[in-house]
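Below, read A as the first sequence line, B as the second, and so on, with proteins coming before strands; counting in each chain starts at 1.
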Number of protein chains: 2
Amino acid sequence: MSLKHAILGFLSFRPATGYDLKKAFDRSVSHFWPANQSQIYRTLAGLTEEGYVTQEIIEREERLDAKIYHITQNGRDELHRWLSTPLPPQPFREPFLIQVYFGGYLSDEELIALLARQIAVIEQTLAVYNQIYAMYQEQIESREDVRAFFLSVSTLEYGIVSNRAALAWLNSLIERVRSGNYAL
Amino acid sequence: MSLKHAILGFLSFRPATGYDLKKAFDRSVSHFWPANQSQIYRTLAGLTEEGYVTQEIIEREERLDAKIYHITQNGRDELHRWLSTPLPPQPFREPFLIQVYFGGYLSDEELIALLARQIAVIEQTLAVYNQIYAMYQEQIESREDVRAFFLSVSTLEYGIVSNRAALAWLNSLIERVRSGNYAL
DNA sequence: CTGTCCATGTAAGGCGTTACATGATTGT
DNA sequence: ACAATCATGTAACGCCTTACATGGACAG
């Protein structure tokens with residue numbers, strides 16, 4: 001379960017509430033690990049039981065208590081252990097590719113529409129990634145933790161290069177469908 | 001739920017048992033849609049209820065009945081409808097990138113080992129994909145359904161180009177970690 | 001006679017999503 | 001007056017995985 005370790009990672013930077021964590025995810029790793037709110041709370045409960053984090057409870061009369069989570073030494077050890085542990089190959093599921101796989105049932109028009117839509121989606125994603133990347137480029141000079149920062153930003157690079165590859169493939173596919181050149 | 005439609009896709013080629021389908025998945029789309037046996041059986045039950053497939057029951061005394069599934073016209077319609085329907089953007093989860101994101105906690109050695117392992121895994125995958133692709137290249141000339149065949153094979157191309165992009169990124173990352181050049 | 005193939009499923013549990021529910025504070 | 005932000009959670013459901021269970025046929 002990687003959500004667990006991603007949460008430990010964020011808590012290793014600073015203590016946070018579940019709400020803070022949700023924002024941290026959305027701001028940084030959501031492009032390769034979208035996290036959902038209710039699950040963050042459930043995972044935090046689990047981490048507390050396992051002794052990887054502790055709760056600092058802030059009572060707020062009339063409302064539910066606010067809870068600030070702190071990582072324990074145990075939690076830091078577990079994080080480091082996991083970071084250097086090879087992960088088993090991950091199953092990868094891409095429904096869009098199923099559509100292409102059975103694309104023989106679609107007309108050229110339908111097929112090209114399908115591909116063009118996908119291109120539009122990816123181009124939008126890339127525009128966002130590029131913008132964020134540019135922002136990081138400005139920031140990096142003034143940072144003390146250059147190495148750690150660089151590594152975290154490199155995951156965005158991954159997003160950019162893999163989306164570019166997908167885009168090139170889609171464009172070439174449209175071209176070949178249009179020209180009827182079905183050579184491999 | 002795309003498994004449903006992938007199954008309909010295979011049944012549109014020919015009737016099959018759950019067992020046959022499992023093999024069909026493993027042989028063709030497992031690189032972007034690994035399917036698991038128990039789920040295939042459950043999904044087939046659902047498809048039957050929905051009227052997209054029918055069961056031809058072969059009784060085998062002493063053993064569980066064998067069931068051959070046939071797609072109905074309703075099922076073909078549903079397949080076509082789904083194939084041309086835009087899919088909502090898919091959440092994408094890659095735990096390896098979480099490891100890189102928090103890679104600041106690892107030493108250069110640990111980090112490079114992590115990246116090198118990933119490179120090895122991808123290179124192996126690519127070797128397999130390339131081999132299968134070469135096999136298809138030989139086959140395509142003698143096929144009548146060139147267009148449909150071409151489209152199904154193009155999903156393998158996707159696997160190849162996206163893995164190549166990942167590989168290039170990993171190599172560049174190792175290089176930069178080694179040289180301590182943390183520029184973006 | 002051991003293992004692999006064929007062929008079916010059930011059970012249990014984890015991960016993840018969507019929807020719902022509460023309530024104070026701050027900004028427009 | 002209304003919406004957004006802060007902050008917590010529960011409930012229900014669906015997808016997917018892992019493990020387990022059965023049993024004939026056939027090949028080495």
Between atom [atom1] in [X] and atom [atom2] in [N], what is the gap in whole Å?
X: B:Leu3; N: D:dC15; atom1: CG; atom2: P; result: 9 Å
X: B:Ile40; N: C:dA7; atom1: CD1; atom2: P; result: 14 Å
X: B:Leu44; N: D:dC15; atom1: CG; atom2: C1'; result: 16 Å
X: A:Lys22; N: D:dA4; atom1: NZ; atom2: P; result: 17 Å
X: B:Glu59; N: C:dT8; atom1: CD; atom2: C1'; result: 14 Å
X: A:Ile58; N: D:dG9; atom1: CD1; atom2: P; result: 13 Å
X: A:Asn36; N: C:dG16; atom1: CG; atom2: C1'; result: 6 Å

List in chain and number order the residues that pass side-chain contact (heavy atoms from CB on, under 4.5 Å) with [X], two or more places apart in sequence or in another chain; answer none if no residue qualifies.
X: A:Ser38; result: A:Asn36
X: A:Thr54; result: A:His70, A:Thr72
X: A:Tyr136; result: A:Ile132, A:Gln139, A:Phe149, A:Val153, A:Leu156, B:Leu184
X: A:Arg164; result: A:Leu126, A:Asn130, A:Ile160

Query raised in the report: Between the base of C:dT8 and the side chain of B:Arg42, is there a donor-acceptor distance below 3.5 Å?
Result: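 It does not, because no donor-acceptor pair links the side chain of B:Arg42 to the base of C:dT8 below 3.5 Å.
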Query raised in the report: Has the side chain of A:Ser38 got a donor or acceptor that lies under 3.5 Å from a partner of the other kind on the base of C:dT18?
Result: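 Pair found.
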Report task. Report yes or no: do B:Asn74 and B:Glu78 form a side-chain donor-acceptor pair below 3.5 Å? Result ->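 The criterion, which ignores hydrogens and geometry beyond distance, is not satisfied for B:Glu78 and B:Asn74.
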Distance-only criterion, 3.5 Å: show the donor-acceptor pairs between side-chain atoms of residues 90-100 of chain B and protein atoms not counting sequence neighbours.
residue, atom, partner, partner atom, Å
B:Gln90, NE2, B:Pro88, O, 2.9
B:Arg93, NE, A:Pro34, O, 3.4
B:Arg93, NH2, A:Pro34, O, 2.5
B:Glu94, OE2, B:Phe96, N, 3.4
B:Gln99, NE2, A:Trp82, O, 2.9
B:Gln99, NE2, A:Thr85, O, 2.9

**Report entry** Relative orientation of the end axes in the helix from C:dC1-D:dG28 to C:dT28-D:dA1, expressed as an angle to the nearest 10° (five pairs per end)
**Finding:**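 It works out to 30° between the end axes.
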Query raised in the report: Heavy atom of residues 80-97 of chain B under 4.0 Å from DNA chain C: which residues?
Result: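 Within this stretch, B:Arg93 sit under 4.0 Å of the strand.
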Query raised in the report: What ring-ring contact (aromatic ring centres under 6.0 Å, His included) pairs are there with at least one residue in residues 26-50 of chain B, not counting sequence neighbours?
Result: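 Listed once each, the pairs are B:His31-B:Tyr129.
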Could you run down the sub-3.5 Å N/O contacts of the protein with nucleotides 5-8 of chain D?
residue, atom, partner, partner atom, Å
D:dC6, OP2, A:Tyr19, OH, 2.7
D:dT8, OP1, A:Lys67, N, 3.3
D:dT8, OP1, A:Lys67, O, 3.1
D:dT8, OP2, A:Gly18, N, 3.2
D:dT8, OP2, A:Tyr19, N, 2.7
D:dT8, OP2, A:Tyr41, OH, 2.7
D:dT8, O5', A:Tyr41, OH, 3.3
D:dT8, O4, A:Gln37, NE2, 2.9

**Report entry** side chain to side chain donor-acceptor pair (under 3.5 Å) contacts touching residues 109-123 of chain A (sequence neighbours left out)
**Finding:**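 Residue pairs with at least one partner in residues 109-123 of chain A: A:Ser107-A:Glu110, A:Glu110-B:His80.
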Query raised in the report: Any side chain to side chain donor-acceptor pair (under 3.5 Å) pairs touching residues 17-26 of chain A, not counting sequence neighbours?
Result: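 Qualifying pairs, neighbours excluded: A:Thr17-A:Asp20, A:Lys22-A:Asp26.
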Query raised in the report: Restricting to pairs with a member in residues 27-56 of chain A, which pass salt bridge (charged side-chain N to carboxylate O under 4.0 Å, His left out), not counting sequence neighbours?
Result: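 For residues 27-56 of chain A, and leaving out neighbouring residues, the salt bridge (charged side-chain N to carboxylate O under 4.0 Å, His left out) pairs sorted by first residue read A:Lys4-A:Glu50.
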Query - Side-chain N or O of B:Gln39 closer than 4.0 Å to phosphate OP1/OP2 of D:dC16 - result: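 Yes, such a contact exists.
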**Report entry** N/O donor-acceptor pair under 3.5 Å between A:Arg176 side chain and A:Ser172 backbone
**Finding:**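 Side chain of A:Arg176 to backbone of A:Ser172: a pair is present.
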